[in-house]
Amino acid sequence: MDEPTPSQFRAGVMAFRQRESRDAMYRVATFLVKHFWGQARELADGIGVLLLTWNQAHYRYGPPDFERFERLLIAEAATLQSLRDRHISTFLTADIQTTEALFSSRLRRSRSRKERAKGVRAP
């Protein structure tokens, strides 16, 4: 898949805003992340707002394990900060492995206790 042009990207953002009814929760979660950046426990809660809203069908069986997720945020603080300090337009092919590892680790660490016991992966 080719990279979208800036005008295609803007068109996609506008289409999302018109169709996505949960955008309010994204704005709240974004505010919480900005406000609590550097405070792992509160940051995990802020991201949890987004997870619980967008994945409500999955998490009805049990909430994410916020303590494990908090430990991930602490362990990966330097990597997350380095990515946060950059603009998305600077994302390179070389960054794919780093971001895939972060997402994979996030999936493992935010599973509920029930999911871990059953071997279920988070969505």
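All figures in this text were calculated on a predicted structure; none of them were measured in a lab.
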Quiz: residues 37-46 side-chain donor-acceptor pairs under 3.5 angstrom, not counting sequence neighbours:
| residue | atom | partner | partner atom | Å |
| --- | --- | --- | --- | --- |
| W37 | NE1 | Q81 | OE1 | 2.5 |
| R41 | NE | E70 | OE1 | 3.4 |

If you round to the nearest 0.5 Å, how far is [atom2] of [Y] from [atom1] of [X]?
| X | Y | atom1 | atom2 | value |
| --- | --- | --- | --- | --- |
| F66 | L51 | CZ | CG | 7.0 Å |
| F36 | L73 | CZ | CG | 13.5 Å |
| D85 | L80 | CG | CG | 11.0 Å |

Legend entry - Pairing residues for F31 by the ring pair (Phe, Tyr, Trp, His ring centres under 6.0 Å) criterion, not counting sequence neighbours: H35
Inset, instruction - Taking salt bridge (charged side-chain N to carboxylate O under 4.0 Å, His left out) as the test, write out the residues that go with R86, two or more places apart. - result: D95
Inset, instruction - Flag yes if more than 12 heavy atoms outside F9 fall under 6.0 Å of its CZ atom; otherwise flag no. - result: no
Inset, instruction - State whether the number of non-hydrogen atoms from other residues, nucleotides or ligands found under 6.0 Å of I88 atom CD1 is greater than 12. - result: no
Inset, instruction - Examine distances only and state if a side-chain atom of T53 and a backbone atom of V49 form a donor-acceptor pair shorter than 3.5 Å. - result: yes
For [X], check side-chain contact (heavy atoms from CB on, under 4.5 Å) against everything at least two apart and list the hits.
| X | result |
| --- | --- |
| S82 | none |
| S89 | H87 |
| R17 | V13, M14 |

Legend entry - Mutual orientation of the aromatic rings belonging to W54 and Y26 [parallel < 30°, tilted 30-60°, perpendicular > 60°]: parallel
Legend entry - side chain to side chain contact (heavy atoms under 4.5 Å, CB included) between V33 and L50, worked out: CA-CA 10 Å; V33 167; L50 192 62; over 6 Å; no
